[in-house]
Amino acid sequence: MDKPGAGGKPVGMGLPSVPPPAARDARARRPIRALFARLFVINGALFTVGTLILALSPATVSSPPLWTEIPVLLIGLALILAVNGALVRASLAPLDSLTSVMQRADLMRDGPRLAEAGSGDLRDVVRDFNGMLDRLEAEHTASSAHTLAAQEGERQRIARELHDEIGQSLTVALLALKRVVDRAPEDFREDAETAQQAVRTSLEDVRQVAHRLRPGVLADLGLQSALASLGSEFSRSSGIPVTREVDPDLPELDGDIELVLYRVAQEGLTNVARHARASHVELTLRRAGDGLELRITDDGRGGPITEGAGVRGMRERASLIGARLTVSSRESGGTQVLLVVPDLRGGGSAG
C-alpha cells in the first residue's frame with residue numbers, strides 16, 4: 001500500500017514514474033508524424049519518378065489510348081503499386097508484431113517483448129508498449145502479493161476461530177454427551193451414542209479444516225514435515241497413496257518460498273482428488289541447479305489442461321517468488337504439475 005510522503009502525497013511502490021501529460025502527448029505525436037512523413041515521401045517519390053519517366057521517355061500515349069499502349073500503362077501502374085506496397089508494408093511491419101504480442105500478452109506469465117531495433121518510425125511506439133507491459137506486470141505482481149497476503153491473514157483468522165471457539169464448543173458438547181451416555185437408560189443410550197459420534201466427527205472435521213487453512217506444522221517443524229503431513233492427510237481422506245521424495249539436503253528457505261511450495265503442493269493434490277481419478281500420486285521436491293523443483297505427478301486420466309481458479313491461483317503464487325509453473329499431460333497418462341524456483345540465491349518474496 002502506498003505510504004504518504006513528506007508533502008502528504010502517496011509514495012509509489014517502486015514502479016516506473018509516469019511522465020507528465022505534455023511529455024506523453026509529445027512522445028505520442030512524434031511517431032505519428034514520422035510515419036506520416038515516411039508514407040508521404042514514399043508516395044510522393046513514386047509519383048515523381050513515374051512522372052519523370054513519362055516525361056523524359058520517348059514513349060507517347062495517344063488520345064484516346066491505343067490497344068497496344070494499354071498493356072504498357074498497366075505494367076507501369078502495377079510496378080508503381082508493387083513498389084509502393086512493399087515500402088509501406090516494410091514501414092508498418094512492426095505493427096504486425098505488436099498485434100501478435102498484444103494477443104498473447106498474459107500478466108501472469110513472463111510475456112515476450114518487441115525488439116526496438118529495426119522498428120523504424122515505430123520505435124517509440126514499441127518502446128512505450130514494452131514499458132506499458134513492464135508497468136502492468138509490476139502492478140499485477142504487487143496487487144497479487146497484497147491479495148494473497150490478505151488471503152493468508154484471513155485464513156489464519158478463520159483457522160483460529162475454528163480451533164479456539166468452535167473446536168472448544170464442540171469439545172464441551174462432546175464431554176457433556178459422554179456424561180449423558182454414561183447416565184442414559186438403555187432405550188435412550190443408542191441415540192445418545194449416535195449424537196456423541198456425530199459431534200466427535202464434526203470436531204475432527206473442524207480440526208482438519210483449521211489445519212488446511214493454517215499449516216501450523218509448516219511454521220513449527222519446517223517444509224519437509226509439512227509436506228509429509230500433507231501427503232498423509234491426502235492419502236487418508238482420498239484413499240490415493242502418495243509416494244514422497246524430498247531432498248534431505250535442501251537449503252534454508254525463505255518463509256515466503258516455503259509457503260508458496262506448500263500451497264502449490266496442497267492445491268495440486270486437491271486437483272488430483274477432484275479431477276484426476278488417479279490411483280497413485282508422486283510428490284517430489286529436489287534441488288535443480290541453484291534452485292528447486294516441486295513436481296506433483298499422477299497416473300489419472302490426463303487429457304487437455306483447463307486452467308481454472310486453482311491453476312491460476314498457483315500461477316499467481318509462483319509469480320510472487322519468480323518461479324515458473326507448468327501443468328501438462330503426460331504421454332503415459334496422467335498430469336504433471338511442475339514448479340521451478342530458478343535461483344534461490346536471489347531470494348524471493350511473496351510481499
Side-chain angles (χ1 to χ4, degrees), residues 148 151-152 154-156 158-160 162-163 167 200-248 250 253 255-286 292-303 305-318 321 323 325-330 332-341 350:
L148 292 176
Q151 184 184 82
E152 288 295 333
E154 185 67 10
R155 283 184 171 185
Q156 292 184 9
I158 295 174
R160 282 195 300 269
L162 286 175
H163 183 273
R200 183 181 290 112
T201 302
S202 298
L203 179 60
E204 182 63 26
D205 290 341
V206 166
R207 288 173 176 171
Q208 290 182 3
V209 171
H211 176 72
R212 287 195 294 268
L213 288 174
R214 185 181 62 179
V217 66
L218 180 62
D220 298 337
L221 302 178
L223 181 62
Q224 296 191 38
S225 297
L227 291 179
S229 174
L230 180 64
S232 299
E233 181 183 345
F234 170 81
S235 297
R236 184 171 58 253
S237 61
S238 66
I240 304 174
V242 177
T243 300
R244 296 185 303 275
E245 182 182 344
V246 179
D247 191 337
L250 292 177
L253 300 176
D256 294 330
I257 295 178
E258 286 192 343
L259 182 59
V260 169
L261 291 170
Y262 180 85
R263 290 300 188 195
V264 169
Q266 186 181 46
E267 184 62 34
L269 292 177
T270 300
N271 287 340
V272 171
R274 289 177 178 173
H275 311 296
R277 299 179 185 174
S279 60
H280 185 261
V281 181
E282 294 181 0
L283 175 63
T284 305
L285 178 62
R286 63 184 182 184
L292 288 177
E293 280 186 0
L294 173 68
R295 194 185 304 266
I296 304 112
T297 306
D298 66 72
D299 61 353
R301 58 182 179 175
I305 304 300
T306 301
E307 294 201 2
V311 175
R312 293 189 69 84
M314 287 192 288
R315 290 198 187 282
E316 286 185 350
R317 291 184 181 278
I321 60 172
L325 180 86
T326 56
V327 183
S328 58
S329 295
R330 303 166 62 205
S332 58
T335 304
Q336 174 179 273
V337 176
L338 177 62
L339 178 71
V340 178
V341 184

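Only heavy atoms go into these numbers, but all of them, side chains included; no hydrogens, no water, no symmetry mates. If you're wondering where the values come from, they're calculated on a predicted model, not measured in any experiment.
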How long is the gap from [atom1] on [X] to [atom2] on [Y], to the nearest 0.5 Å?
{"X": "T326", "Y": "M314", "atom1": "OG1", "atom2": "CE", "answer": "10.0 Å"}
{"X": "L259", "Y": "L223", "atom1": "CG", "atom2": "CG", "answer": "10.0 Å"}
{"X": "L339", "Y": "I296", "atom1": "CG", "atom2": "CD1", "answer": "7.5 Å"}
{"X": "L227", "Y": "L261", "atom1": "CG", "atom2": "CG", "answer": "7.5 Å"}
{"X": "L230", "Y": "R244", "atom1": "CG", "atom2": "CZ", "answer": "9.0 Å"}
{"X": "E233", "Y": "S238", "atom1": "CD", "atom2": "OG", "answer": "10.0 Å"}

Nearest non-hydrogen partners of V327 and R315, listed with the distance: N-NH2, 4.5 Å

For A318 and L325 the tightest heavy-atom approach is CB-CB, 4.2 Å

Does any N or O in the side chain of [X] come within less than 3.5 Å of the main-chain N or O of [Y], such that one atom is a donor and the other an acceptor?
{"X": "R295", "Y": "Q336", "result": "no"}
{"X": "T270", "Y": "Q266", "result": "yes"}
{"X": "T335", "Y": "S329", "result": "no"}
{"X": "R301", "Y": "H275", "result": "yes"}

Can you find a heavy atom in the side chain of [X] that is under 4.5 Å from one in the side chain of [Y]?
{"X": "F234", "Y": "V272", "result": "yes"}
{"X": "I240", "Y": "D298", "result": "no"}
{"X": "T284", "Y": "T243", "result": "no"}

Given side-chain contact (heavy atoms from CB on, under 4.5 Å), test L253 with L292 step by step and report yes or no. CA-CA 10 Å; L253 300 176; L292 288 177; 3.8 Å; yes

The criterion is side-chain hydrogen bond (donor to acceptor under 3.5 Å, both in side chains); which residues satisfy it with E282, sequence neighbours excluded? none

Got a sec, which pairs hit salt bridge (charged side-chain N to carboxylate O under 4.0 Å, His left out) with one end in residues 262-279, sequence neighbours left out?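 Applying salt bridge (charged side-chain N to carboxylate O under 4.0 Å, His left out) to every pair that reaches into residues 262-279, excluding sequence neighbours, yields E152-R263.
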
